[in-house]
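Here is the structure we will look at.
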Amino acid sequence: MKNLNQIHREAKTMRLIFIGLLLAPEASAFTLTMGTGNTFGRIFRISTWGESHGGGVGVTLDGCPPRIPITREEIQIDLDRRRPGQSRITTPRNEKDSVEILSGLNAEDVTLGTPLAMLVRNEDQRSSDYLENDMSVAYRPSHADATYDAKYGVRAIAGGGRSSARETIGRVAAGAVARKILRLYNGIEVLAYVSKVQEIEATNVDHDTFTMEDVDSNIVRCPDGPSAERMLERIDVIRKSGNSVGGVVTCVVRNVPAGLGSPVFDKLEADLAKACMSIPAAKGFESGDGFAGTLLTGIEHNDEFYIDPVTGATRTRTNRSGGIQGGISNGENIVVHVAFKPTSTIAKAQNTVTRDGQEVELRGKGRHDPCVLPRAVPMVEAMVALTICDALMCQKAQCELFQNDSPVEELPNPMGTTAHRMGGPRERVLATGSGPIGLRIDEE
């Protein structure tokens with residue numbers, strides 16, 4: 001058995017070797033790989049684990065507040081919306097995705113403040129679809145096969161391993177907990193829908209009133225019925241040809257308090273972008289008007305402020321900012337858009353290469369989504385809910401640890417859709433002959 005001095009000497013030697021690898025000119029001869037990237041969040045933190053064709057997938061959720069009532073059935077609702085085999089436009093893989101809560105709850109289904117561990121077992125994996133044909137050695141074009149191999153020197157061939165959308169089960173399970181916390185705190189709602197399939201766009205969706213029932217009323221998950229019919233027709237045509245199609249998921253967060261998010265590197269839209277872009281097949285992110293805002297002038301794009309005549313709160317007449325200004329929520333609806341590429345695995349012949357560098361032709365086999373959008377809806381909702389919940393807890397920890405006891409007249413006017421000014425709107429005093437307030441600007 002090693003004594004303590006031996007252990008210290010070996011640890012020191014390993015540190016010196018590591019530093020040498022980083023600093024020495026010949027360090028380029030070594031490949032250093034480290035397993036990271038499986039954890040998200042600062043206070044409300046998740047770590048997902050498991051592979052598509054392994055024994056199961058799951059999540060460990062740390063930082064969950066205690067005394068939150070949450071049942072397995074509530075979590076299962078979101079998992080059922082994500083699971084495969086829902087319709088003809090999703091993968092036919094038949095999984096129940098039944099969640100098991102291993103820790104973090106008491107017998108009354110109330111959170112203990114300790115880590116929540118949740119597991120979903122894989123039951124219908126068919127690894128032979130990958131291992132008994134050319135897909136075991138050839139890289140699927142635009143898939144993660146080649147890059148995982150380049151990074152780790154080994155990869156889970158069957159089902160794509162961690163790059164599979166099956167990894168998102170853990171996110172959706174934890175997102176259901178975040179959803180419950182947000183609703184209890186301020187009635188915050190997180191709702192997403194398919195807003196675009198190729199060029200077919202939903203045009204009749206009221207972001208203030210649409211519901212989850214509206215979204216789930218059709219298999220495309222678009223609350224605009226006529227647009228959903230056109231989207232479904234397009235998906236069916238492409239599906240029957242052995243091809244795939246992409247589009248956009250829009251997510252709306254209602255009843256968000258003002259003040260969430262932090263400058264400079266932790267801006268709320270930056271955190272939301274990272275969260276949403278981490279979802280498999282996500283290729284683009286917009287906050288508010290996004291790229292369309294570049295076509296406007298400043299006077300057209302700016303969201304003018306006004307005082308709500310009922311609540312006395314500061315509001316904006318438009319919401320081109322998507323509820324976020326300066327990286328901080330302003331209390332209006334948060335609106336983000338996430339672009340998803342067509343599914344990489346398709347049943348059409350494509351040119352590719354094998355692991356040992358041979359050019360071959362590959363035709364994808366196995367079960368996959370012809371369009372990821374319907375199942376991406378709960379994934380986007382989960383990542384947005386996790387981000388907002390984490391931002392809320394960060395705000396409480398930093399800015400609301402101590403109560404602001406300043407006189408009411410020295411406090412900023414309350415801001416947002418759910419804010420109320422004590423005593424109602426302030427009486428407006430108009431100076432005779434007054435015009436716009438002059439403001440001298442000196443910005444970089």
Side-chain angles (χ1 to χ4, degrees), residues 39-48 58-82 99-118 168-192 211-212 251-262 266 268 271-272 274-276 278-279 323-324 328-329 331 333-334 336 377-401 416-419:
T39 299
F40 179 82
R42 287 158 293 193
I43 298 178
F44 196 81
R45 293 172 62 86
I46 65 167
S47 294
T48 68
V59 64
T60 301
L61 167 59
D62 205 359
C64 180
R67 304 182 302 280
I68 303 296
I70 184 79
T71 65
R72 177 196 168 279
E73 288 72 25
E74 288 177 283
I75 295 169
Q76 193 64 49
I77 289 172
D78 281 1
L79 288 174
D80 286 346
R81 298 176 72 226
R82 193 224 70 93
V99 65
E100 301 173 33
I101 303 177
L102 307 179
S103 67
L105 290 182
N106 66 11
E108 287 74 41
D109 291 328
V110 175
T111 59
L112 299 170
T114 54
L116 270 165
M118 293 178 278
T168 64
I169 282 176
R171 310 178 191 216
V172 173
V177 180
R179 187 196 293 275
K180 182 66 176 287
I181 293 170
L182 294 173
R183 181 170 63 81
L184 290 175
Y185 177 76
N186 200 48
I188 298 171
E189 299 177 287
V190 182
L191 294 171
T211 66
M212 185 179 291
C251 188
V252 181
V253 191
R254 301 195 285 242
N255 303 328
V256 185
L260 305 189
S262 302
D266 294 330
L268 188 55
D271 287 345
L272 287 167
K274 179 176 182 179
C276 293
S278 73
I279 300 171
I324 303 173
I328 299 171
S329 64
N333 290 346
I334 290 176
V336 300
V377 165
M379 299 176 196
V380 172
E381 289 176 349
M383 292 311 297
V384 170
L386 290 167
T387 304
I388 299 298
C389 193
D390 189 47
L392 175 63
M393 295 177 72
C394 288
Q395 171 70 7
K396 290 293 181 181
Q398 182 194 12
C399 297
E400 299 179 25
L401 185 61
T417 60
T418 62

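Side-chain atoms are counted along with the backbone in the values below, which use heavy atoms only and exclude waters and symmetry mates.
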Any donor-acceptor pair under 3.5 Å from [X] side chain to [Y] backbone:
X      : Y      : value
Thr39  : Ser47  : no
Thr168 : Arg171 : no
Arg45  : Gly41  : yes
Thr48  : Gly58  : no
Asn186 : Ile188 : no
Glu400 : Gln395 : no

To the nearest 0.5 Å, how far apart are [atom1] in [X] and [atom2] in [Y]?
X      : Y      : atom1 : atom2 : answer
Leu191 : Arg179 : CG    : CZ    : 6.5 Å
Met393 : Ile181 : CE    : CD1   : 6.5 Å
Leu61  : Leu386 : CG    : CG    : 7.5 Å
Asp271 : Cys276 : CG    : SG    : 11.0 Å
Leu105 : Ile70  : CG    : CD1   : 8.0 Å
Asn255 : Arg183 : CG    : CZ    : 12.0 Å

Handout entry: Verdict with supporting geometry, Leu182 and Val253, side chain to side chain contact (heavy atoms under 4.5 Å, CB included)
Key = CA-CA 10 Å; Leu182 294 173; Val253 191; 5.8 Å; no
Considering non-hydrogen atoms only, spot the tightest contact between [X] and [Y] and give its length.
X      : Y      : answer
Val380 : Cys251 : CG1-CB, 3.8 Å
Ala275 : Phe40  : CB-CZ, 3.6 Å
Ala174 : Ile46  : CB-CG2, 3.6 Å
Ile75  : Ala176 : CA-CB, 3.8 Å
Tyr185 : Pro257 : CE2-CG, 4.3 Å

Exercise for the section: Kindly check if the number of other-residue, nucleotide or ligand heavy atoms within 6.0 Å of CD (Glu73) is above 12? Expected result: yes
Exercise for the section: Tell me, please, which residues at least two apart from Arg81 pass salt bridge (charged side-chain N to carboxylate O under 4.0 Å, His left out). Expected result: Asp216, Glu381
Handout entry: Results of salt bridge (charged side-chain N to carboxylate O under 4.0 Å, His left out) for Asp390 - residues two or more places apart only
Key = Arg42
Exercise for the section: Kindly indicate, with the supporting measurements, whether the criterion side chain to side chain contact (heavy atoms under 4.5 Å, CB included) is fulfilled by Val384 and Ile334. Expected result: CA-CA 10 Å; Val384 170; Ile334 290 176; 5.8 Å; no
Which pairs would a plain distance check flag for residues 110-117, meaning a side-chain donor or acceptor within less than 3.5 Å of a matching protein atom at least two apart in sequence or in another chain?
unit_1: Thr111; atom_1: OG1; unit_2: Pro65; atom_2: O; d: 2.7
unit_1: Thr111; atom_1: OG1; unit_2: Arg67; atom_2: N; d: 3.2
unit_1: Thr111; atom_1: OG1; unit_2: Ile68; atom_2: N; d: 2.9

Practice task
Kindly determine whether Leu268 and Ile328 satisfy side chain to side chain contact (heavy atoms under 4.5 Å, CB included), including the steps that lead there.
Solution key: CA-CA 6 Å; Leu268 188 55; Ile328 299 171; over 6 Å; no
